[in-house]
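Right, one structure below, let's go through it.
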Amino acid sequence: MLRGRRGSRVRALEGGPEEEAPPAAAAVPLALLPSAQQPEATAEQMLLRGIFEIGRGSCDVVLTERALRWRPILPERPAGDPKFDLLHKEEFIELKDVFSVKLKRRCSSKQQSGTLLGITLFICLKKEQNKLKDSTIDLINLSEDHCDLWFRQFKKILAGFSNRPKSLKIFLNPQSHKKEATQIYYEKVEPLLKLAGIKTDVTITEYEGHALSLLKECELQGFDGVVCVGGDGSASEVAHALLLRAQKNAGVETDCLLTPVRAQLPLGVIPAGSTNVLAHSLHGVPHVVTATLHIIMGHIQPVDVCTFSTMGKLLRFGFSAMFGFGGRTLALAEKHRWMSPNQRRDFAVIKALAKLKPEDCEISFLPFKSSQDLQERKAQGSPKSDCSDQWQMIQGQFLNVSIMAIPCLCSVAPRGLAPNTRLNNGSMALIIVRNTSRPEFIKHLKRYASVKNQFSFPFVETYTVEEVKVQRKNNTSGHNPEEKNEPYEIALDNSFPWNVDGDLMEVASDVHVRLHPRLISLYGGGTEEMNDSKVTCNCL
Ligand SMILES: Nc1ncnc2c1ncn2[C@@H]1O[C@H](COP(=O)(O)OP(=O)(O)OP(=O)(O)O)[C@@H](O)[C@H]1O
């Protein structure tokens, strides 16, 4: 059993912003508050008081609306004993960190339910670097009546957390990464969901696009959220499907989509793919138990989403995109699916570097206007819609262009591919890498893994934007007819692949990317800055 030090709170998770019960739940871990701000036990309404054995001794235990507090019961203070205060110090947990309660019984093969020993509380602990961990606290008391009273009170308190899901629709991609998603789900995720009393309905996807086609029609009434177990491709497909469904339900035309409606259900992402950029960005770490506990605790974050359209037609919803080097690397990796995920990623990076070529493009973008900027413009009498004058245009030869609504944390870029973007700051990062020599470009790529700024090169430009339009100019510069290439390589030389959330998107014409603030809610908690992350790409 994991327990806090004497005199301290068992260090548990801080609550998400939409945590509802108990009424006065704090958003900051209490242990971090100055002592004057910590809730006084006396100031809270006491619900129950009794004696339980916790750890090795009997304790005086008090349950209030927001915390469980206990103090060891010690004999009279011996005169001048300095250890007394230390031993007598109070410990506590906040109830918002409790996700399940069970009666604890001695296992017995003969009896159906063994002798009652007490109550077990299941709690969510915060570990280092954004990780969460489940743990237990045993409250030992052999009295059936006593335990029953406390057990019912804990159940009542847990039922008050209305933001926590009670029923989830799960999509699991058995082919993700090295085909371990099924094992991850049944060994690590399902036991925790069961413990928390969450009902599940699992669909194992059979082909690419399966989750999308099911989500068009399937009944979602009665579910509190949808969860995807897989990599970025799967998570993005489910997010896209939820948003399409929301437009259809609201009767919104998806062509010329200016203001899409929000997805109705929150999405949980359990990382089980080759790249887990979405889960990593959401939780600060691609950790299965952390992702599961955020879902169980009902921690929800609204997240910005982009629409990708061409000629007024919606292509898809997504969180991030790249073209140029990033698009070609993915296209090459997809052609070599038979290799292991790491092998094909390294192979594709090296091959794309060997055949590095710029895209001749015109990129127009609408710079991000903060609400303060807009108020100032309004005060000057210019409405928001009148923004044609603000579009800026860049033309040239670009080695790589990234358009990202989320920071895109991943193993090769622990601070993120777009570290200046947040999950819901209403803007996208536009990162443009102009044509340069291969060694200079490699230097820039290597910076993603280091603590140095990857953008401090004269050939890299970054913008904070709301909209981007990409127009590809005739591009024949890359293909040398004297080079002996495989047919797919010639096709790749002439194609214009986009990497949208790790999925290939081939588009013949111009692409319009527009940001939609807080369009979907994802299960996840706030993240701490990562500073000593390990980098796991060794191909450069
Ligand atoms: N049964 C299946 N067989 C083949 N492909 C599938 C199946 N189920 C889902 N897919 C598709 O596989 C694609 C990639 O899956 P996913 O993202 O989960 O794993 P990955 O490729 O290992 O990870 P990443 O996309 O993060 O690199 C998704 O676009 C999804 O639609």
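All of these numbers come straight from a predicted model, not from anything done at the bench. First listed ligand is number 1; within each ligand, the first listed atom is number 1.
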* I would like to know whether Phe441 and Phe325 meet ring pair (Phe, Tyr, Trp, His ring centres under 6.0 Å); could you show each step before the answer? => CA-CA 10 Å; Phe441 184 65; Phe325 176 76; 5.1 Å; yes

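- Counting the atoms of ligand 1 from 1 in the order shown, those under 4.0 Å from a heavy atom of Arg337 are 21 (O).
- Residue Asp503 approaches ligand 1 through these ligand atoms, each under 4.0 Å from one of its heavy atoms: 29 (O).
- Using a cutoff of 4.0 Å between basic side-chain nitrogens and carboxylate oxygens, Glu180 and Lys188 are not scored as salt-bridged.
- Taking CG from Asp501 and CZ from Phe308, the interatomic distance works out to 6.5 Å, rounded to the nearest 0.5 Å.
- Using a cutoff of 4.0 Å between basic side-chain nitrogens and carboxylate oxygens, Lys169 and Asp201 are scored as salt-bridged.
- Which parts of ligand 1 touch Gly273 is read off a 4.0 Å heavy-atom cut-off, strictly below it: atoms 22 (O), 23 (O).
- On a distance-only criterion, His177 and ligand 1 share at least one N/O pair closer than 3.5 Å.
- Between Ser234 and ligand 1, an N or O atom pair is found at a separation short of 3.5 Å.
- Here the protein heavy atom with the shortest distance to atom 24 (P) of ligand 1 is Thr275 OG1, 3.4 Å.
- With hydrogens left out, the protein atom closest to atom 8 (N) of ligand 1 is Thr205 OG1, 2.7 Å, a heavy atom.
- Within the listing of ligand 1, atoms 31 (O) sit less than 4.0 angstrom from a heavy atom of Gly209.
- With respect to atom 7 (C) of ligand 1, the closest heavy atom belonging to the protein is Asn173 OD1, 3.3 Å.
- For atom 17 (O) of ligand 1, the closest heavy atom belonging to the protein is Gly233 N, 2.8 Å.
- Remark: minimum distance from atom 20 (P) of ligand 1 to any protein heavy atom is reached at Ser274 OG, 3.4 Å.
- Proximity to Glu206 (heavy-atom distance under 4.0 Å) selects the following atoms of ligand 1: 1 (N), 2 (C), 3 (N).
- Counting the atoms of ligand 1 from 1 in the order shown, those under 4.0 Å from a heavy atom of Ser176 are 16 (P), 18 (O), 19 (O), 22 (O).
- For atom 5 (N) of ligand 1, the closest non-hydrogen atom on the protein side is Glu208 N, 3.8 Å.
- Among all non-hydrogen protein atoms, the one lying nearest atom 4 (C) of ligand 1 is Gln175 CG, 3.7 Å.
- A salt bridge is absent between Lys369 and Glu466; no separation between the charged side-chain nitrogens and carboxylate oxygens falls under 4.0 Å.
- When the salt bridge (Lys or Arg N to Asp or Glu O under 4.0 Å) test is applied to Arg245, no partner is found at least two apart in sequence or on another chain.
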* To do: Assess whether ring pair (Phe, Tyr, Trp, His ring centres under 6.0 Å) is satisfied between His336 and Phe347, documenting all intermediate values.
  => CA-CA 9 Å; His336 295 82; Phe347 167 83; 4.4 Å; yes

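- Listed by number with element, the atoms of ligand 1 under 4.0 Å from a non-hydrogen atom of Gly230 are 18 (O).
- By the 4.0 Å N-to-carboxylate-O rule, Asp97 lies too far from Lys126 to be salt-bridged with it.
- The protein heavy atom nearest to atom 31 (O) of ligand 1 is Glu237 OE1, 2.4 Å.
- Seen from the ring of Phe161, Arg164 counts as a face-on cation partner, given the 6.0 Å and 45° thresholds.
- A donor-acceptor pair under 3.5 Å is formed between the side chain of His444 and the backbone N or O of Gln454.
- Taking a cut-off of under 4.0 Å to the non-hydrogen atoms of Asp232, the atoms of ligand 1 that pass are 17 (O), 24 (P), 25 (O), 26 (O).
- Remark: Arg434 engages Glu461 in a salt bridge, criterion side-chain N to carboxylate O under 4.0 Å.
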